[in-house]
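To start, the structure itself, in structure tokens.
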Amino acid sequence: MSRERVYLFDTTLRDGAQTNGVDFTLADKQVIAGMLDDLGIDYVEGGYPGANPLDTEFFAEKPKLHHARFTAFGMTRRAGRSVSNDPGVAGLLEAKADAICFVAKSSAYQVRVALETTNEENLASIRDSVTAAKKAGREVMLDCEHFFDGYKENAAFALACAKAAYESGARWVVLCDTNGGTMPHEVESIVTEVTKHIPGSHVGIHAHNDTEQAVANSLAAVRAGARQIQGALNGLGERCGNANLCSLIPTLKLKREFADHFEIGVPDAKLAGLVKVSRTLDDMLNRAPNRHAAYVGESAFVTKTGIHASAVMKDPQTYEHVAPESVGNHRKVLVSDQAGRSNVIAELERAGVAYDKSDPKLSRLVDELKEREAQGFAYESANASFELLARRTLGRVPEYFRVEQFDVNVEQRYNANGQLVTVALAVVKVDVAGEHLISAAEGNGPVNALDVALRKDLGKYQKYIEGLKLTDYRVRILNGGTGAVTRVLIESEDEAGEHWTTVGVSPNIIDASFQALMDSVIYKLVRSGAPA
């Protein structure tokens with residue numbers, strides 16, 4: 001049976017950037033755009049060129065995307081100006097983008113109050129802007145701002161705005177629930193009416209989450225004929241956020257009502273990496289992931305003891321609506337000795353650590369995990385540290401070397417050029433099979449200096465860590481106050497391109513960092529088969 005194509009438009013880098021507390025760097029935007037492209041998203045909206053220096057720089061050179069169309073966002077021409085005399089439109093046409101997404105009012109009330117112009121001028125602005133972008137060879141779409149509220153107020157004008165864009169050559173006419181207050185049954189009814197005038201294959205939905213129904217509204221629009229969905233990873237966006245693509249994508253892929261009739265650009269193999277995509281974005285923004293998020297949350301497939309846990313142990317389908325592995329998540333059964341033991345066994349199997357089910361050390365490992373997680377360790381995000389903890393408890397990690405002492409000093413001084421600089425110096429003393437080695441190193445910060453000093457000379461083990469490098473360093477404060485407990489996550493990479501993450505927790509950020517650094521080095525030695 002032939003299935004219809006539904007296109008996914010991501011606005012994480014534009015509308016998501018309006019989230020309170022979210023500030024993307026240029027490097028962030030470049031990495032996230034690549035991640036969205038790899039996932040299979042059809043359109044990546046990079047931002048608003050000309051509105052700020054960051055977005056202007058981002059659109060100065062088109063990122064190398066293999067699937068997604070790089071999209072610039074901006075306003076239609078201003079009232080009283082021509083397209084050729086509007087700097088905003090000029091900036092969009094100059095941007096290195098595959099597509100342009102204009103935004104225009106589609107509510108008579110908004111045109112009258114916010115723009116202080118006439119309905120006729122608003123329609124002319126839409127036609128002129130879309131025509132100019134189409135003539136410039138861009139794929140064009142129009143976000144009909146306040147469409148649903150406008151339709152309920154004056155349906156004829158809202159439809160006229162949508163039709164003006166479509167008839168002028170817009171590939172997509174996107175109906176926006178800008179204030180986020182429309183109900184799903186209203187969306188379905190109104191989109192059904194719109195598709196009597198504009199083919200559904202040219203209609204999109206942009207829903208906000210102010211009533212916690214952005215995902216439901218997006219799905220309602222698809223039922224009614226819309227074939228493009230706009231949303232953001234993890235539901236980022238102004239106020240309460242946008243429709244959450246991390247919920248929409250698996251629903252479209254895994255629920256038969258949609259999967260039997262529609263296809264999207266995200267293949268099964270990429271769907272299985274959705275949890276990683278979601279967590280990667282949170283880590284980049286230094287945000288705590290939503291544990292209770294649908295599909296990708298840490299608690300999405302967690303059950304506690306009792307009849308639920310008993311049933312899940314017999315057959316996961318008793319309390320799981322989809323297989324957690326389909327989105328890259330996994331089930332956990334918590335609290336009881338038996339449940340905790342089963343969970344640890346599953347983690348050991350994932351890590352490839354050999355174990356004996358009758359080994360009493362397994363119970364000790366369960367207790368150790370609970371105690372350390374209560375202290376703030378996050379083994380869910382630190383696969384290498386979990387594996388090392390398991391191996392140590394089960395007695396399978398050699399003591400390759402012992403750190404006898406380390407010292408870190410941070411000094412601010414004037415350099416030879418008269419510039420005021422801050423320099424960190426670390427000294428590490430290690431014992432390698434009875435040989436005492438002392439290494440010192442400078443760094444651009446105390447953790448960098450410690451890292452360089454620790455890996456400068458490990459005697460007979462030095463050759464095993466030559467290809468080791470740190471690729472990311474993240475800090476999270478677990479409670480308030482100047483004496484707060486700090487969690488440090490460090491991501492490392494070896495010469496073969498394998499990545500792993502380690503964790504350290506302490507009231508002292510340097511101590512927490514050193515714990516994670518040590519785990520990273522030891523994990524590399526274990527993986528390399530270094531002799532004891």
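Throughout, numbering of the chain's residues begins at 1 and tracks the sequence.
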Problem - E57 CD: over 12 foreign heavy atoms closer than 6.0 Å - result: no
Practice task
Grab the two heavy atoms, one from A516 and one from T502, that are nearest each other, plus how far apart they are.
Solution key: O-OG1, 2.8 Å
Problem - Over all atoms of both residues, closest heavy-atom pair of N122 and C161 - result: ND2-SG, 3.7 Å
Completion exercise
Contacts of Y295 meeting ring-ring contact (aromatic ring centres under 6.0 Å, His included) (sequence neighbours excluded), chain-then-number -> H321
Practice task
Mind listing the closest non-hydrogen atom pair of F24 and T12 along with its distance?
Solution key: CE1-O, 3.4 Å
Handout entry: Partners meeting salt bridge (charged side-chain N to carboxylate O under 4.0 Å, His left out) with E186 (sequence neighbours left out)
Key = K152
Practice task
State plainly whether the residues K62 and D98 are in salt-bridge range, i.e. N to O under 4.0 Å.
Solution key: yes
Exercise for the section: Please tell me if the side chains of R474 and E491 come closer than 4.5 Å, counting only heavy atoms from C-beta onward. Expected result: yes
Problem - Close side-chain approach of E145 to M75, heavy-atom, < 4.5 Å - result: no
Practice task
Taking the side chain as every heavy atom from C-beta outward, state whether L271 and V327 have any pair of such atoms under 4.5 Å apart.
Solution key: yes
Problem - Polar contact flag, side-chain donor to acceptor under 3.5 angstrom, Q419-N415 - result: yes
Problem - A214 backbone acceptor or donor facing N209 side chain under 3.5 Å - result: yes
Problem - Reference residue Y48; test ring-ring contact (aromatic ring centres under 6.0 Å, His included); the match among F59, F73, F102 - result: F73
Handout entry: Nearest heavy atoms of P184 and Q213, plus distance in Å
Key = CD-OE1, 3.2 Å
Practice task
For ring pair (Phe, Tyr, Trp, His ring centres under 6.0 Å), just list the numbers for W172 and Y7, CA-CA rounded to whole Å, side-chain angles, deciding distance to a tenth of an Å, and then say yes or no.
Solution key: CA-CA 10 Å; W172 293 104; Y7 293 83; 5.5 Å; yes
Handout entry: Exam field: side chain D15 to backbone L236, donor-acceptor pair closer than 3.5 Å
Key = no
Exercise for the section: Taking all non-hydrogen atoms of both residues into account, name the closest pair between A378 and V503 and its distance. Expected result: N-CG2, 4.1 Å
Handout entry: Candidate pair R5 and E263, rule side chain to side chain contact (heavy atoms under 4.5 Å, CB included), full reasoning
Key = CA-CA 5 Å; R5 183 73 153 81; E263 62 178 345; 3.9 Å; yes
Handout entry: Working for side-chain hydrogen bond (donor to acceptor under 3.5 Å, both in side chains), residues E139 and Y43
Key = CA-CA 11 Å; E139 181 176 345; Y43 297 90; 2.4 Å; yes
Handout entry: S168 side-chain N/O to T131 backbone N/O, donor-acceptor pair under 3.5 Å
Key = no
Handout entry: Exam field: side chain N217 to backbone T182, donor-acceptor pair closer than 3.5 Å
Key = yes
Fill in the blank from the handout: Contacts satisfying side chain to side chain donor-acceptor pair (under 3.5 Å) that involve residues 85-95 (not counting sequence neighbours) are none
Exercise for the section: Sort and list the pairs that fulfil ring-ring contact (aromatic ring centres under 6.0 Å, His included) and have at least one residue in residues 204-227, not counting sequence neighbours. Expected result: H206-H208
Handout entry: Heavy-atom side-chain contact between L159 and E193 under 4.5 Å
Key = no
Practice task
Test ring pair (Phe, Tyr, Trp, His ring centres under 6.0 Å) on F386 and F377 and set out the steps.
Solution key: CA-CA 10 Å; F386 167 77; F377 286 85; over 10 Å; no
Exercise for the section: Mind listing the closest non-hydrogen atom pair of V83 and A132 along with its distance? Expected result: CG1-CB, 3.6 Å
Exercise for the section: Quick one: list whatever passes side chain to side chain contact (heavy atoms under 4.5 Å, CB included) with A293, sequence neighbours left out. Expected result: N290, V296
Problem - Expected output: side-chain D10 to main-chain V44 donor-acceptor under 3.5 Å - result: no
Fill in the blank from the handout: Contacts satisfying salt bridge (charged side-chain N to carboxylate O under 4.0 Å, His left out) that involve residues 203-231 (not counting sequence neighbours) are E4-R227, D210-R239, R223-E257
Handout entry: Atom CG of N417: over 12 foreign heavy atoms under 6.0 Å
Key = yes
Practice task
Using the side-chain hydrogen bond (donor to acceptor under 3.5 Å, both in side chains) rule, take D149 and Q110 through it: C-alpha gap first, then chi angles, then the decisive distance, then the call.
Solution key: CA-CA 10 Å; D149 292 335; Q110 294 286 339; over 6 Å; no
Practice task
State whether K96 and E61 are salt-bridged, where the test is any N-O pair (Lys NZ or Arg NE/NH1/NH2 against Asp/Glu carboxylate O) under 4.0 Å.
Solution key: no
Practice task
Answer with yes or no whether the side chains of D28 and T25 bring together a donor and an acceptor at under 3.5 Å.
Solution key: yes
Practice task
For atom NZ of K255, decide whether the heavy atoms of other residues, nucleotides or ligands shown that lie under 6.0 angstrom number more than 12.
Solution key: yes
Practice task
With the side chain counted from C-beta on, respond yes when D283 and D472 share a heavy-atom pair under 4.5 Å apart, and no when they do not.
Solution key: no
